[in-house]
Chemist: 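Sending over a structure as structure tokens; questions will come in a sec.
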Amino acid sequence: MSLTIGAHVDQTDPLAEAAARGTTLVQFFLGDPQGYKGPEIRYAGGADGLRADAEAAGVDLYVHAPYVINVATTNNRIRIPSRKLLQQHVDAAASIGAKGLIVHGGHVGKGDDPEVGFDNWRKAVEATDLTLPLLLENTAGGDNAMARYLDRIAKVWDAIGSASQADRVGFCLDTCHAHAGGNKLDTVVDDVLAITGRIDLVHCNDSRDAFDSGADRHANFGAGEIDADLLAGVVRAADAPVVCETPGGADEHRADFAWLRDRL
């Protein structure tokens, strides 16, 4: 298969990181993934320079939004800053010519009605100026997560579907999250496509922990709990660009790329 397989890298010089891995696709954070401070462009040439240089090099850029973003929550002290931060990262990612911004589904509190979380997702999509595709990613843990279980993903997707910018929202399927979240990898692509009609990106990661453990701990291919044929099967069936968020640097990522390509 002629799929593009890339990796999550440091943002300081993502083009050098891509070259070191022999790939034309990289994903990175723009700033602190655990903070509300806002995005920053660390590339020496700034946003315009990165956009131009990436185009010249033929490298596709993807940005992962901060983990702290939770637009589903009923807690306004989290939800409102999350929506502000989401817009900031949409704008920053668009400024560098990114192909998409990946964001986790978030969650509601233990005693909250999940329906409120689904509708908060609709409101967030309505309120955000989506100047590039927003890719909703499935998550591994939490009983009140919006995107761990397939039935919850379906309800988020239904809610988003009534928003005016619904066509700007895509889906990112993470293999580790699906496995740890209790979704069978032999059927998950068909299951997700039945809900969303699309898979725009695959985060292909092995899992340190067991099926349905709820633990979001990535492992290098062959070093975790996911069967090799299942990982390759997801990538083959999804037929979308792949980002490996596996541990290590360029050497480890090149080994992971080779391991995966050998099985496709």
Side-chain angles (χ1 to χ4, degrees), residues 4 6-12 14-15 17-18 24-43 46-48 50-51 54-55 59-73 78-106 120-139 146-147 153 156-157 159-160 163-174 177 192 196 198-205 238 240-245:
T4 304
H8 185 93
V9 302
D10 181 80
Q11 70 141 313
T12 304
L15 304 183
E17 300 285 357
T24 57
L25 187 157
V26 286
Q27 172 189 285
F28 44 87
F29 294 113
L30 289 176
D32 180 4
Q34 300 288 1
Y36 288 95
K37 187 177 180 181
E40 56 178 316
I41 310 291
R42 296 178 189 160
Y43 188 69
D48 290 343
L50 180 52
R51 182 176 193 142
E55 287 178 0
V59 174
D60 289 339
L61 310 177
Y62 286 84
V63 175
H64 199 302
Y67 299 131
V68 295
I69 289 178
N70 182 5
V71 300
T73 182
I78 297 173
R79 186 174 60 88
I80 293 172
S82 290
R83 280 171 45 167
K84 178 182 177 182
L85 191 61
L86 178 63
Q87 183 68 71
Q88 290 174 336
H89 278 266
V90 165
D91 294 343
S95 76
I96 65 170
K99 302 297 182 183
L101 176 71
I102 299 96
V103 62
H104 287 181
N120 281 344
W121 253 105
R122 177 193 62 80
K123 291 176 180 177
V125 171
E126 288 277 11
T128 307
D129 181 17
L130 294 179
T131 51
L132 86 171
L134 182 69
L135 306 184
L136 173 65
E137 180 181 355
N138 61 304
T139 52
M146 295 287 97
I153 293 172
V156 171
W157 207 258
I160 289 172
S164 60
Q165 300 179 98
D167 62 326
R168 300 294 283 166
V169 181
F171 197 82
C172 173
L173 174 61
D174 187 300
H177 297 176
V192 168
T196 66
R198 59 194 289 176
I199 294 174
D200 300 80
L201 189 69
V202 173
H203 282 172
C204 191
N205 305 300
V242 174
V243 171
C244 299
E245 300 174 314

Chemist: Just to verify, what does Ser95 make a side-chain contact (heavy atoms from CB on, under 4.5 Å) with, not counting sequence neighbours?
Modeler: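 In terms of side-chain contact (heavy atoms from CB on, under 4.5 Å), with neighbours along the sequence ignored, Ser95 is linked to Ala47.
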
Chemist: Look up atom CG in Leu135 and atom CD1 in Ile199, then write down how far apart they are to the nearest 0.5 Å.
Modeler: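 It comes to 11.5 Å.
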
Chemist: Under the salt bridge (charged side-chain N to carboxylate O under 4.0 Å, His left out) rule, collect the residues that match up with Glu126, sequence neighbours excluded.
Modeler: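 In terms of salt bridge (charged side-chain N to carboxylate O under 4.0 Å, His left out), with neighbours along the sequence ignored, Glu126 is linked to no residue.
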
Chemist: Do Val192 and Phe171 make a side-chain contact, defined as non-hydrogen atoms from C-beta onward lying under 4.5 Å apart?
Modeler: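 Yes, side chains in contact.
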
Chemist: Please check if the side chain of Asp60 supplies one atom and the backbone of Leu25 the other of a donor-acceptor pair under 3.5 Å.
Modeler: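 Checked: no pair found.
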
Chemist: Which residues pass the ring-ring contact (aromatic ring centres under 6.0 Å, His included) test with Tyr67, sequence neighbours left out?
Modeler: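 Applying ring-ring contact (aromatic ring centres under 6.0 Å, His included) to Tyr67 gives Phe29, His64, His104.
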
Chemist: Under the salt bridge (Lys or Arg N to Asp or Glu O under 4.0 Å) rule, what pairs show up with a residue in residues 78-89, not counting sequence neighbours?
Modeler: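 For residues 78-89, and leaving out neighbouring residues, there are no salt bridge (Lys or Arg N to Asp or Glu O under 4.0 Å) pairs at all.
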
Chemist: When you measure from the side chain of Thr128 to the backbone of Leu130, do you find a donor-acceptor pair of N or O atoms at a distance under 3.5 Å?
Modeler: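 Pair absent, no side-chain N/O of Thr128 close to backbone of Leu130.
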
Chemist: Answer whether the closest heavy-atom distance between the side chains of Ser82 and Tyr36 falls below 4.5 Å.
Modeler: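 In short, these two side chains touch, coming nearer than 4.5 Å.
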
Chemist: Please answer whether the main-chain N or O of Trp157 pairs with a side-chain N or O of Trp121 as donor and acceptor at a distance below 3.5 Å.
Modeler: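 Side chain of Trp121 to backbone of Trp157: no pair is present.
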
Chemist: With heavy-atom distances below 4.5 Å as the criterion, would you say the side chains of Val63 and Ile96 are in contact?
Modeler: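 Counting from C-beta outward, Val63 and Ile96 do come under 4.5 Å.
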
Chemist: Taking everything shown except Asp48 itself, do over 12 heavy atoms lie less than 6.0 Å from its CG?
Modeler: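 At most 12 heavy atoms, drawn from other residues, nucleotides or ligands, come within 6.0 Å of this atom.
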
Chemist: Looking only at atom types and distance, does a side-chain atom of Asn120 sit under 3.5 Å from a main-chain N or O of Thr73, one as donor and one as acceptor?
Modeler: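 Flag set: sc Asn120 to bb Thr73 pair under 3.5 Å.
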
Chemist: Could you tell me the separation between the CG atom of Leu61 and the CG atom of Leu101, rounded to the nearest 0.5 Å?
Modeler: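 Spacing of CG (Leu61) from CG (Leu101) equals 12.5 Å.
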
Chemist: Can you sort out the partners of Arg122 under side-chain hydrogen bond (donor to acceptor under 3.5 Å, both in side chains), two or more places apart, ordered by chain and number?
Modeler: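 Asp119.
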
Chemist: Which residues pass the side-chain contact (heavy atoms from CB on, under 4.5 Å) test with Thr24, not counting sequence neighbours?
Modeler: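 side-chain contact (heavy atoms from CB on, under 4.5 Å) list for Thr24, sorted by chain: Thr4.
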
Chemist: So, do Leu134 and Leu86 sit near enough that their side-chain heavy atoms are less than 4.5 Å apart?
Modeler: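 Touching, per the 4.5 Å side-chain cut-off.
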
Chemist: Considering residues at least two apart in sequence or located in another chain, which fulfil the side-chain hydrogen bond (donor to acceptor under 3.5 Å, both in side chains) criterion with Glu40?
Modeler: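 Only Arg42 meet the side-chain hydrogen bond (donor to acceptor under 3.5 Å, both in side chains) criterion with Glu40.
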
Chemist: Mind checking side-chain hydrogen bond (donor to acceptor under 3.5 Å, both in side chains) for Asp10 and listing every partner two or more places apart, or none if nothing turns up?
Modeler: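 Expected list: Thr12.
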
Chemist: How would you list, by chain and number, every residue that makes a side-chain hydrogen bond (donor to acceptor under 3.5 Å, both in side chains) with His203, sequence neighbours excluded?
Modeler: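 side-chain hydrogen bond (donor to acceptor under 3.5 Å, both in side chains) list for His203, sorted by chain: Gln27, Glu137, Glu245.
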
Chemist: Hey, what do you get for CE (Met146) to OG1 (Thr139), rounding to the nearest 0.5 Å?
Modeler: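 The CE atom of Met146 sits 9.0 Å away from the OG1 atom of Thr139.
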
Chemist: Does Gln87 reach the main-chain N or O of Asp129 with its side chain, forming a donor-acceptor pair under 3.5 Å?
Modeler: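 Flag set: sc Gln87 to bb Asp129 pair under 3.5 Å.
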
Chemist: Quick one: list whatever passes side-chain contact (heavy atoms from CB on, under 4.5 Å) with Glu55, sequence neighbours left out.
Modeler: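 Residues passing side-chain contact (heavy atoms from CB on, under 4.5 Å) with Glu55: Arg51.
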
Chemist: What pairs with Pro39 under side-chain contact (heavy atoms from CB on, under 4.5 Å), at least two apart in sequence or on another chain?
Modeler: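 Expected list: Leu30, Gln88, His89, Ala92.
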
Chemist: Any donor-acceptor pair under 3.5 Å linking the side chain of Asn138 with the backbone of Asp174?
Modeler: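 Pair found, side chain donor or acceptor close to backbone of Asp174.
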
